[in-house]
Amino acid sequence: MEHQVFVPVPVDSLRAVLRDPARVARCVPGLQQDADAASGPLSGRLKLRVGGHTVTYRGALAVTERDPDRFAVDGEGTEIRGSGTVKLALTLRLTPEGHGTRLAITAGATADGRAAAFEPGATETAVRRLLDRAAAHLAAAAAPDPVAEAEAADAEDTDAEDTDEIIASVFETEVPPPSLDPFLEGDFDELGGTPRPPAEAAHARRTMIGRSAEEVDHAPPRGRYAPVPAPSATTAGQNLRWIAPAAALAIASAVVLGRALRRRH
């Protein structure tokens, strides 16, 4: 039997689906996959309706790429309720046509049991209907997902906006002044709003003009930050050196005065 179907997707997209057995399994109408993954994605139960009769087969399909534009589909199954069997062989040829693909199908099958008792016309109609539905599923699987593409585009735009905001925030962030800046403790003018540095800071800045960086780094702090000088040991020693003779003189004067007063008595 010869059958042709136009699929409104490019050849490359349709070829990608046929190369993936898991995607092909979702395109076979009436296929109920086995729960055992070891049996393969194209194995399970397939229910067929021919005329007023329904028959279910358990079996498997195999898709083989003969060349980039030709695929072979081979399958066999056994009736679930009965002893009848069926074997089929399909050849799929992919031909670019406009913005889509012309899918030419050559089908052949042998069957016994219940399928052998079906009328040939009813069997051919059921097979063509099955191939049309499978081609529609292939087209849907190969077509781009507009929702996924829109979500991906929105995600890229969001990432770009977030990156721009991060870069802008980095360059627009104000750098805080150093904690030892003398302007932090100054008063603000009433009109201009600019801080006035303390008198010590202004004096320190005036005295640092013209000095090297090394001298500024090693210069002692001035103003309110200047340390209180420790008492000098030399000054204390000099004071003790003067106090001792004065005390001796006072004691001698007191002794002489006491003797003179006794002599009068």
Side-chain angles (χ1 to χ4, degrees), residues 1-9 11 13-98 100-143:
M1 185 185 70
E2 302 290 336
H3 189 66
Q4 290 189 2
V5 181
F6 177 77
V7 182
V9 294
V11 172
S13 300
L14 186 60
R15 187 184 299 117
V17 175
L18 292 173
R19 288 173 176 172
D20 188 352
R23 299 174 71 182
V24 173
R26 293 193 292 268
C27 298
V28 178
L31 177 62
Q32 183 179 357
Q33 293 176 268
D34 287 337
D36 185 8
S39 59
L42 286 173
S43 62
R45 296 184 177 188
L46 180 62
K47 180 182 293 186
L48 297 178
R49 182 180 295 276
V50 180
H53 305 279
T54 301
V55 58
T56 302
Y57 292 92
R58 176 184 293 278
L61 296 174
V63 181
T64 306
E65 185 177 3
R66 302 300 185 186
D67 56 59
D69 295 327
R70 186 166 65 96
F71 289 81
V73 180
D74 298 307
E76 60 181 7
T78 304
E79 293 179 4
I80 296 295
R81 297 179 180 178
S83 58
T85 61
V86 62
K87 292 184 179 180
L88 62 90
L90 302 178
T91 300
L92 310 178
R93 293 185 180 274
L94 284 62
T95 304
E97 184 175 320
T101 303
R102 176 64 58 180
L103 186 60
I105 305 171
T106 302
T110 60
D112 56 19
R114 297 179 60 188
F118 296 152
E119 295 182 1
T123 301
E124 182 177 352
T125 300
V127 172
R128 291 185 184 277
R129 183 173 63 248
L130 179 66
L131 294 176
D132 289 340
R133 292 176 59 192
H137 292 331
L138 286 172

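In this structure, Thr123 and Met1 have side chains that are not in contact, with every pair of non-hydrogen atoms separated by 4.5 Å or more. Side-chain atoms of His137 and Arg26, non-hydrogen and from C-beta on, never get closer than 4.5 Å to each other. Using a 4.5 Å heavy-atom cutoff, the side chains of Asp132 and Val5 are in contact. Counting heavy atoms from C-beta on, the side chains of Val63 and Leu61 never come closer than 4.5 Å. A heavy-atom distance below 4.5 Å is not found between the side chains of Arg58 and Thr78.
For residues 115-130, the salt bridge (charged side-chain N to carboxylate O under 4.0 Å, His left out) pairs, not counting sequence neighbours, are Glu124-Arg128.
Without hydrogens or angle criteria, Glu79 side chain to Arg114 main chain gives a donor-acceptor distance under 3.5 Å. For the pair Thr54 (side chain) and Arg49 (backbone), a donor-acceptor distance under 3.5 Å is absent. Between the Asp112 side chain and the Thr85 main chain, a donor and an acceptor come within less than 3.5 Å of each other. Listed for the Arg15 side chain is a donor-acceptor partner under 3.5 Å among the backbone atoms of Pro68. Thr101 places a side-chain N or O within 3.5 Å of a backbone atom of Val11 that can act as its donor or acceptor partner.
Atoms CZ and CG, on Arg23 and Leu18 in that order, are 9.5 Å from each other to the nearest 0.5 Å. For the atom pair CG (Leu46) and CD (Gln33), the distance works out to 11.5 Å, reported to the nearest 0.5 Å. Residue Leu103 holds its CG atom at 8.5 Å from OG1 of Thr95, rounded to the nearest 0.5 Å. One finds the CD atom of Glu65 at 11.5 Å from the CG atom of Leu92 (value rounded to the nearest 0.5 Å). Rounded to the nearest 0.5 angstrom, Asp74 CG and Leu88 CG are separated by 7.5 Å. A distance of 10.5 Å separates NZ of Lys47 from CD1 of Ile80, quoted to the nearest 0.5 Å.
Minimum heavy-atom separation, Ala115 to Tyr57: CB-OH, 3.2 Å. A pairwise comparison of heavy atoms in His53 and Phe118 identifies CB-CE2, 3.7 Å as the closest pair. Here the shortest heavy-atom pairing between Phe6 and Glu97 reads CE1-O, 3.6 Å. Closest approach of Val86 to Ala111, counting heavy atoms only: CG2-CB, 3.9 Å. Taking every heavy atom of both residues into account, Ala139 and Val7 meet most closely at CB-CG1, 3.4 Å. When all heavy atoms of Val9 and Ala142 are compared, the pair lying nearest together is CG2-CB, 3.9 Å.
By the neighbour-count criterion of 12 heavy atoms within 6.0 Å, atom CD of Glu76 is sparsely surrounded, having that number or fewer from other residues, nucleotides or ligands. The neighbour count for Gln32 CD, taken as heavy atoms of other residues, nucleotides or ligands under 6.0 Å away, does not exceed 12.
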